[in-house]
Amino acid sequence: MQTYLTLNYSRVSRSQLAHYLQRTGWLCFGQTGAFTEDALACIRSRECTLVFLRLSAPDEDVPEPFLAALRQHPAVIVTSPYPAHLFSYLNLHPFDFLTEPYSFDRFAMSMERYVAVFG
(Lines give C-alpha, C1' and ligand atoms only; values in the text may rest on other atoms or scores of the structure.)
Protein backbone atom coordinates (compact mmCIF):
# COMPACT_ATOMS: atom_id res chain seq x y z
CA MET A 1 0.00 0.00 0.00
CA GLN A 2 1.28 3.46 -0.86
CA THR A 3 2.33 5.97 1.77
CA TYR A 4 2.09 9.73 1.52
CA LEU A 5 3.81 12.39 3.57
CA THR A 6 2.51 15.85 4.36
CA LEU A 7 5.19 18.40 5.20
CA ASN A 8 4.77 21.75 6.88
CA TYR A 9 0.98 21.62 7.02
CA SER A 10 -1.16 23.75 9.26
CA ARG A 11 -3.98 22.05 11.12
CA VAL A 12 -6.64 23.43 8.77
CA SER A 13 -4.83 22.55 5.54
CA ARG A 14 -4.01 19.07 6.87
CA SER A 15 -7.70 18.52 7.69
CA GLN A 16 -8.75 19.60 4.20
CA LEU A 17 -6.16 17.31 2.62
CA ALA A 18 -7.25 14.33 4.74
CA HIS A 19 -10.89 15.00 3.89
CA TYR A 20 -10.15 15.21 0.16
CA LEU A 21 -8.05 12.03 0.21
CA GLN A 22 -10.87 10.25 1.98
CA ARG A 23 -13.42 11.53 -0.57
CA THR A 24 -11.38 10.26 -3.51
CA GLY A 25 -11.33 6.78 -2.01
CA TRP A 26 -7.59 6.72 -2.52
CA LEU A 27 -6.65 4.57 0.42
CA CYS A 28 -3.12 4.79 1.69
CA PHE A 29 -1.17 5.33 4.84
CA GLY A 30 -0.17 8.86 5.67
CA GLN A 31 2.35 10.60 7.85
CA THR A 32 2.45 14.22 8.83
CA GLY A 33 5.56 16.00 9.87
CA ALA A 34 7.79 18.96 9.96
CA PHE A 35 11.28 19.14 8.52
CA THR A 36 12.66 16.29 10.65
CA GLU A 37 15.27 13.62 10.03
CA ASP A 38 12.54 10.96 9.88
CA ALA A 39 10.66 12.88 7.19
CA LEU A 40 13.87 13.42 5.24
CA ALA A 41 14.70 9.71 5.42
CA CYS A 42 11.20 8.86 4.17
CA ILE A 43 11.60 11.16 1.16
CA ARG A 44 15.09 9.94 0.33
CA SER A 45 14.16 6.27 0.57
CA ARG A 46 11.05 6.86 -1.56
CA GLU A 47 9.13 4.99 1.15
CA CYS A 48 6.75 7.94 0.90
CA THR A 49 5.57 7.61 -2.68
CA LEU A 50 3.71 10.93 -2.66
CA VAL A 51 4.80 14.07 -0.81
CA PHE A 52 2.52 17.02 -0.13
CA LEU A 53 4.55 20.13 0.70
CA ARG A 54 2.79 23.25 1.93
CA LEU A 55 4.60 26.53 1.38
CA SER A 56 2.87 29.13 3.51
CA ALA A 57 4.72 32.20 2.19
CA PRO A 58 7.05 33.15 -0.68
CA ASP A 59 9.91 33.71 1.75
CA GLU A 60 9.45 30.30 3.37
CA ASP A 61 12.68 28.73 4.55
CA VAL A 62 12.92 25.13 3.38
CA PRO A 63 16.06 23.42 4.70
CA GLU A 64 18.56 22.65 1.94
CA PRO A 65 18.66 18.87 2.56
CA PHE A 66 14.88 18.80 2.05
CA LEU A 67 15.09 20.88 -1.10
CA ALA A 68 17.67 18.51 -2.55
CA ALA A 69 15.56 15.45 -1.68
CA LEU A 70 12.33 17.04 -2.96
CA ARG A 71 14.02 18.02 -6.24
CA GLN A 72 14.83 14.33 -6.80
CA HIS A 73 11.47 12.91 -5.72
CA PRO A 74 9.15 12.17 -8.67
CA ALA A 75 5.84 12.88 -6.92
CA VAL A 76 5.77 16.12 -4.96
CA ILE A 77 2.57 18.14 -4.83
CA VAL A 78 3.04 21.67 -3.53
CA THR A 79 0.19 23.65 -2.04
CA SER A 80 0.24 27.31 -1.14
CA PRO A 81 -2.01 30.32 -0.80
CA TYR A 82 0.41 32.04 -3.21
CA PRO A 83 0.88 31.34 -6.94
CA ALA A 84 3.57 28.94 -8.13
CA HIS A 85 5.76 31.55 -9.85
CA LEU A 86 6.61 33.12 -6.48
CA PHE A 87 8.48 29.96 -5.54
CA SER A 88 10.61 29.62 -8.68
CA TYR A 89 13.71 30.48 -6.63
CA LEU A 90 13.41 27.05 -4.95
CA ASN A 91 14.02 25.25 -8.27
CA LEU A 92 11.40 22.67 -7.40
CA HIS A 93 9.60 21.04 -10.27
CA PRO A 94 6.62 19.51 -8.50
CA PHE A 95 4.32 16.95 -10.01
CA ASP A 96 1.53 19.48 -9.37
CA PHE A 97 0.95 22.82 -7.68
CA LEU A 98 -2.35 23.53 -5.96
CA THR A 99 -3.09 27.15 -5.12
CA GLU A 100 -5.13 27.40 -1.93
CA PRO A 101 -7.99 27.34 -1.52
CA TYR A 102 -8.24 24.55 -4.05
CA SER A 103 -11.49 22.81 -4.87
CA PHE A 104 -12.15 19.13 -4.52
CA ASP A 105 -12.43 18.89 -8.31
CA ARG A 106 -8.96 20.38 -8.75
CA PHE A 107 -7.57 18.01 -6.12
CA ALA A 108 -9.28 15.02 -7.75
CA MET A 109 -7.72 15.95 -11.12
CA SER A 110 -4.30 15.93 -9.49
CA MET A 111 -4.92 12.53 -7.89
CA GLU A 112 -6.24 11.07 -11.15
CA ARG A 113 -3.12 12.25 -12.92
CA TYR A 114 -0.95 10.79 -10.15
CA VAL A 115 -2.67 7.39 -10.41
CA ALA A 116 -2.38 7.45 -14.22
CA VAL A 117 1.37 8.11 -14.04
CA PHE A 118 2.39 6.09 -10.97
CA GLY A 119 -0.40 3.52 -10.60
Side-chain angles (χ1 to χ4, degrees):
M1 188 157 287
Q2 297 184 354
T3 302
Y4 68 89
L5 173 67
T6 58
L7 279 175
N8 206 31
Y9 269 72
S10 69
R11 184 174 164 207
V12 172
S13 57
R14 185 173 57 242
S15 295
Q16 179 187 21
L17 181 62
H19 178 71
Y20 281 1
L21 281 168
Q22 193 173 39
R23 276 186 68 186
T24 62
W26 191 59
L27 301 175
C28 58
F29 297 106
Q31 300 181 56
T32 301
F35 297 117
T36 63
E37 288 299 319
D38 288 341
L40 184 58
C42 188
I43 296 167
R44 285 181 174 158
S45 70
R46 305 264 171 103
E47 179 182 323
C48 297
T49 56
L50 178 59
V51 178
F52 292 95
L53 170 65
R54 182 172 193 268
L55 298 172
S56 58
D59 60 351
E60 177 111 20
D61 183 33
V62 179
E64 186 55 43
F66 277 88
L67 279 177
L70 291 167
R71 287 177 185 137
Q72 299 299 316
H73 198 284
V76 175
I77 296 176
V78 176
T79 69
S80 179
Y82 296 92
H85 72 273
L86 295 178
F87 299 97
S88 61
Y89 70 95
L90 294 174
N91 288 325
L92 282 175
H93 303 288
F95 179 77
D96 204 351
F97 190 99
L98 303 174
T99 303
E100 298 171 359
Y102 50 90
S103 68
F104 175 74
D105 289 339
R106 176 64 178 90
F107 178 79
M109 284 176 34
S110 184
M111 291 295 94
E112 287 171 7
R113 186 170 153 239
Y114 174 81
V115 170
V117 172
F118 297 103

What is the ring orientation for Phe87 with Phe97, classed by angle as parallel under 30°, tilted 30 to 60°, or perpendicular over 60°?
tilted
I'd like to check Arg23 versus Phe107 (side-chain heavy atoms, cut-off strictly below 4.5 Å). Are they in contact?
no
Which atom pair, heavy atoms only, marks the closest approach of Pro83 to Thr99?
CA-OG1, 4.3 Å
Please assess Val51 against Phe66 for the test side chain to side chain contact (heavy atoms under 4.5 Å, CB included), listing each intermediate value before the final yes or no.
CA-CA 11 Å; Val51 178; Phe66 277 88; over 6 Å; no
When clusters are formed by joining ILVMFWY residues with side-chain heavy atoms under 4.5 Å apart, either directly or through shared neighbours, do Leu70 and Tyr82 land in the same one?
yes
All heavy atoms of Leu98 vs all of Ser110, minimum pair found to be CD2-CB, 4.4 Å
Between the main-chain N or O of Arg54 and the side-chain N or O of Asn8, is there a donor-acceptor pair closer than 3.5 Å?
yes
Heavy-atom neighbours of Glu64 CD exceed 12 at 6.0 Å
yes
Quick one: does Met111's side chain get under 4.5 Å of Ile77's, heavy atoms only?
yes
CG of Leu53 to CG of Leu67: how many Å apart, nearest 0.5 Å?
8.5 Å
Reference residue Phe95; test ring pair (Phe, Tyr, Trp, His ring centres under 6.0 Å); the match among Phe52, Phe118, Tyr4:
Phe118
Gap between atom OG of Ser80 and atom CG of Leu55 - 0.5 Å precision:
5.5 Å
Spacing of Thr36 atom OG1 and Leu7 atom CG [to the nearest 0.5 Å]:
8.0 Å
Report yes if some heavy atom in the side chain of Phe35 is under 4.5 Å from a heavy atom in the side chain of Leu40; otherwise report no.
no
For Ile43 and Ala69, the nearest pair of non-hydrogen atoms, with its separation, is CG2-CB, 3.7 Å
Out of curiosity, His73 NE2 to Leu50 CG, how far, rounded to the nearest 0.5 Å?
7.5 Å
List the atom of Ala34, the atom of Ala39, and the distance in Å for their closest heavy-atom pair.
O-CB, 3.6 Å
Mind checking whether Phe104 and Tyr20 have parallel, tilted or perpendicular rings, split at 30° and 60°?
perpendicular
Shared hydrophobic cluster, Val76 / Met109 (ILVMFWY, side-chain heavy atoms < 4.5 Å):
no
Donor-acceptor pair, Gln22 side chain versus Ala18 backbone, under 3.5 Å?
no
To check you understand the geometry: which heavy-atom pair defines the closest contact between Arg71 and Leu90, and what is its length?
NH2-O, 2.7 Å
Looking only at heavy atoms, the pair that brings Thr79 and Glu100 closest together is OG1-OE2, 3.1 Å
Quick one, Asp96 with Arg106, criterion side chain to side chain contact (heavy atoms under 4.5 Å, CB included). Give me CA distance, side-chain angles, the key distance, then yes/no.
CA-CA 11 Å; Asp96 204 351; Arg106 176 64 178 90; 2.7 Å; yes
Nearest-0.5 Å distance, CG of residue Leu5 to OG1 of residue Thr49:
10.0 Å
